[in-house]
Amino acid sequence: MATFEVNPSPPLVGEIEIGTAKNAVLPIIAAALLTEEPVCVLRPPQLSDVRLLCKVVESCGGRVHSAPDKLYIEARQILSPTVEDAMRRMRASVLVMGPLLARTGHARVALPGGCAIGQRPIDLHLKGMAALGAQVSVQQGSVELKGRLRGGAVYLDTPSVGATENLMMAATLIRGETRIENAAKEPEVLDLANCLLGMGARISGAGSGTILIEGVDALHGADYQPIPDRVEAGTMACAAALTGGNLLLRGARAEHLRALLFKLQEMGLRATETPGGLRVRGRARRPVEVRTMAYPGFPTDLQAPMMVVACATPGTSVFLETIFENRYMHAAELRRMGANIRVENRVAVVEGGALSGARVQSTDLRAGAALLLAGLCAQGVTTVEDPQGHIERGYEAIEEKLRAVGAPIARIEGASE
Ligand code: EPZ
């Protein structure tokens with residue numbers, strides 16, 4: 001789907017506009033199924049994951065209309081989709097489950113296939129819906145949920161982002177109070193709650209470990225500007241660290257990136273909040289220890305970009321990936337560039353040193369972006385092949401944004417969709 005050519009980069013200097021967060025927009029698109037009235041997402045990112053979820057929403061009977069910097073979704077009549085191939089292609093499709101079930105008393109969702117970074121089951125979603133009164137049955141690779149939900153108490157064994165979002169959306173339209181314990185605290189969960197509040201939902205505690213939702217009879221439409229993409233911002237901060245740059249990440253919010261910024265500062269960078277966003281400057285000079293955790297811990301989605309910073313920084317860095325069971329596939333690709341990385345289950349030990357250009361392949365969304373960053377600090381040319389189009393699932397025009405601040409990077413094949 002795309003191939004990028006990357007050459008050794010001078011320090012990246014200038015401003016990068018941070019886009020609207022993919023992982024905030026996706027649940028908000030699903031939330032539009034909760035109301036008959038139109039929901040407008042402002043400044044939606046142009047990403048293939050957003051386009052794919054819009055197709056899933058259309059297969060549920062929703063109408064989607066794009067205008068410059070606006071995405072309208074209107075779901076007057078909805079039903080569970082019979083065609084499930086779009087659902088199988090993207091795990092985030094599971095987010096239509098809660099809205100469909102709460103609004104129609106029925107939801108049929110394709111069970112997500114495994115994906116590169118792990119099995120990614122949805123047992124917590126299903127257990128939660130059952131706790132709210134749904135009858136759940138699994139057949140032929142799909143899960144069917146039926147029943148008139150009622151408020152109840154749900155405990156999440158792990159603070160799953162998607163399960164928290166699905167249950168919170170379902171609970172907005174069901175009679176009584178629902179309590180979600182050990183809920184995810186990610187900024188995108190709080191953003192979804194803020195959008196739902198703007199649609200007339202009654203929610204308290206979002207962003208904390210306990211969320212209370214009082215069901216209402218109906219929600220109304222809303223116009224909503226979701227938060228900036230903290231993973232895009234963190235990826236660009238890592239690019240600055242690799243090149244000794246000085247970047248203003250326009251629109252980025254430091255409060256969403258505290259863990260990353262602490263780690264980059266431990267490595268020798270300076271990060272300062274400015275009225276326009278976040279300025280990151282300097283070069284990583286010291287190794288790092290990173291343990292990925294649910295928010296506010298170090299985000300698993302920034303583990304791969306941070307590993308590239310560690311590869312290019314003298315000393316021994318250690319990573320512990322506690323969220324996904326198979327999220328080190330970028331290590332094999334980085335070794336092709338001369339990186340010294342030893343992986344033992346969820347631990348990776350990195351001996352920093354020089355990287356050399358090579359032909360490498362993207363294995364998943366964040367790994368693909370990490371390989372582009374590796375090319376910026378490698379000697380010689382790096383070609384990053386992205387046959388599955390992983391990178392444009394989550395990064396809008398990444399090569400243009402990097403080139404605009406001095407990176408010698410080009411997309412040599414495969415126009416973005
Ligand atoms: C969201 O995925 C993000 N995606 C992911 O970003 C992110 O990596 C992840 O949260 C963790 O922060 C979106 O928001 C669209 P989880 P989600 O449910 O909701 C296990 C990216 O690159 N689990 O919090 O699917 C699961 O296997 C993507 O933008 C269960 O066991 O993540 C994983 O190990 C990648 N049972 C852990 O919990 C369940 O029912 C965290 O998963 C649900 C999850």
Side-chain angles (χ1 to χ4, degrees), residues 19-31 45 47-50 52-53 56 87 89-98 109 111-131 136 138 143 145 154-169 180 182-192 226-227 229-235 256 259-260 292-305 321-327 329-330 346 362-370 388 390-396 398:
T20 301
K22 165 178 84 84
N23 292 348
V25 168
L26 294 176
I28 288 168
I29 289 172
L47 298 169
S48 51
D49 268 14
V50 170
L52 187 54
L53 190 62
V56 173
M87 280 193 170
R89 283 163 51 196
M90 180 176 63
R91 175 185 172 78
S93 309
V94 72
L95 293 170
V96 302
M97 177 198 291
V109 172
L111 284 170
C115 82
I117 60 178
Q119 298 163 46
R120 305 186 72 185
I122 59 169
D123 56 312
L124 299 177
H125 299 240
L126 301 179
K127 204 170 130 191
M129 297 298 175
V136 180
V138 176
V143 61
L145 300 96
V154 178
Y155 171 76
L156 295 177
D157 296 10
T158 57
S160 156
V161 172
T164 302
E165 292 168 341
N166 235 334
L167 291 160
M168 183 164 67
M169 288 190 282
I180 307 174
N182 199 27
K185 303 175 184 174
E186 272 68 5
E188 294 77 18
V189 173
L190 177 56
D191 207 33
L192 172 62
I227 55 174
D229 196 318
R230 62 192 169 105
V231 182
E232 181 189 29
T235 304
H256 293 164
L260 173 80
T292 65
M293 300 288 283
Y295 193 88
F298 190 95
T300 175
D301 293 348
L302 288 173
Q303 178 252 106
E321 172 57 60
T322 72
I323 306 293
F324 291 107
E325 68 268 24
N326 186 30
R327 204 169 196 178
M329 283 170 305
H330 43 284
R346 295 200 176 210
S362 160
T363 52
D364 62 84
L365 162 55
R366 307 303 174 183
Q388 311 289 324
H390 291 126
I391 295 171
E392 61 198 13
R393 291 186 52 186
Y395 293 93
E396 184 176 348
I398 187 169

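One-based numbering, in listed order, for ligands and for the atoms of each. Along the sequence shown, residues carry numbers from 1.
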Out of [options], indicate the one that has the non-hydrogen atom closest to [atom].
atom	options	answer
atom 14 (O) of ligand 1	N23, L302, D364	N23
atom 11 (C) of ligand 1	T158, T322, L53, T300	T300
atom 44 (C) of ligand 1	P121, A163, A304	P121

Residue and atom name of the nearest protein heavy atom (relative to [atom]), distance in Å to one decimal:
atom	value
atom 40 (O) of ligand 1	L124 N, 2.7 Å
atom 5 (C) of ligand 1	D301 OD2, 3.9 Å
atom 18 (O) of ligand 1	S160 OG, 2.7 Å
atom 2 (O) of ligand 1	R120 NH2, 3.3 Å

I'd like to check which ligand 1 atoms, numbered from 1 as shown, lie under 4.0 Å from a non-hydrogen atom of [X].
X	value
I122	39 (C), 40 (O)
F324	8 (O), 33 (C), 34 (O)
G162	18 (O), 19 (O)
R327	8 (O), 22 (O), 35 (C)
K22	21 (C), 29 (O)
H125	40 (O)

Q) Considering residues at least two apart in sequence or located in another chain, which fulfil the side-chain hydrogen bond (donor to acceptor under 3.5 Å, both in side chains) criterion with T292? A)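 With neighbours one apart ignored, the set is E321.
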Can you find an N/O atom of [X] closer than 3.5 Å to an N/O atom of ligand 1?
X	answer
L26	no
I323	yes
V161	yes

Q) What are the two closest heavy atoms between L260 and G234, and how far apart are they? A)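 Nearest heavy atoms, L260 then G234: CD2-CA, 3.5 Å.
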Q) Taking all non-hydrogen atoms of both residues, which atom of V231 and which atom of L302 are closest, and how far apart? A)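 For V231 versus L302, the nearest heavy atoms are O-CD2, 3.5 Å.
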Q: State the CD1-OG1 distance between I323 and T158, to the nearest 0.5 angstrom.
A: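 Interatomic distance, I323 CD1 to T158 OG1, rounded to 0.5 Å: 8.0 Å.
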**Q.** Straight-line distance of R346 CZ to N326 CG, nearest 0.5 Å
**A.**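 If I round to the nearest 0.5 Å, the distance is 9.5 Å.
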Would you mind telling me if ligand 1 is within reach of the side chain of [X], the backbone, both or neither, using heavy atoms under 4.0 Å?
X	result
D49	neither
R91	side chain
K127	neither
D123	both
R366	side chain

Sub-4.5 Å side-chain heavy-atom contact between [X] and [Y]:
X	Y	answer
P45	D229	no
H330	R366	no
L156	L167	yes

Q. According to the side chain to side chain donor-acceptor pair (under 3.5 Å) rule, which pairs have a member within residues 121-131, sequence neighbours left out?
A.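 As it turns out, the side chain to side chain donor-acceptor pair (under 3.5 Å) pairs with a partner in residues 121-131, which skip direct neighbours, are H125-N166, K127-D157.
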Q. Pick from H256, E188, E186: which one makes a side-chain hydrogen bond (donor to acceptor under 3.5 Å, both in side chains) with R230?
A.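 So the option named by the test is E188.
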Q: Please confirm whether the backbone N or O of A184 pairs with a side-chain atom of T164, one donor and one acceptor, at under 3.5 Å?
A: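 Checking the backbone N and O of A184 against the side chain of T164, a donor-acceptor pair under 3.5 Å is found.
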Q: Ignoring hydrogens and angles, tell me if any N or O in the side chain of R393 forms a donor-acceptor pair with the backbone of D49 under 3.5 Å.
A: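 Here the side-chain-to-backbone pair does not exist.
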**Q.** Heavy atoms of other groups near R91 CZ, more than 12 under 6.0 Å
**A.**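 Result for CZ/R91: enclosed.
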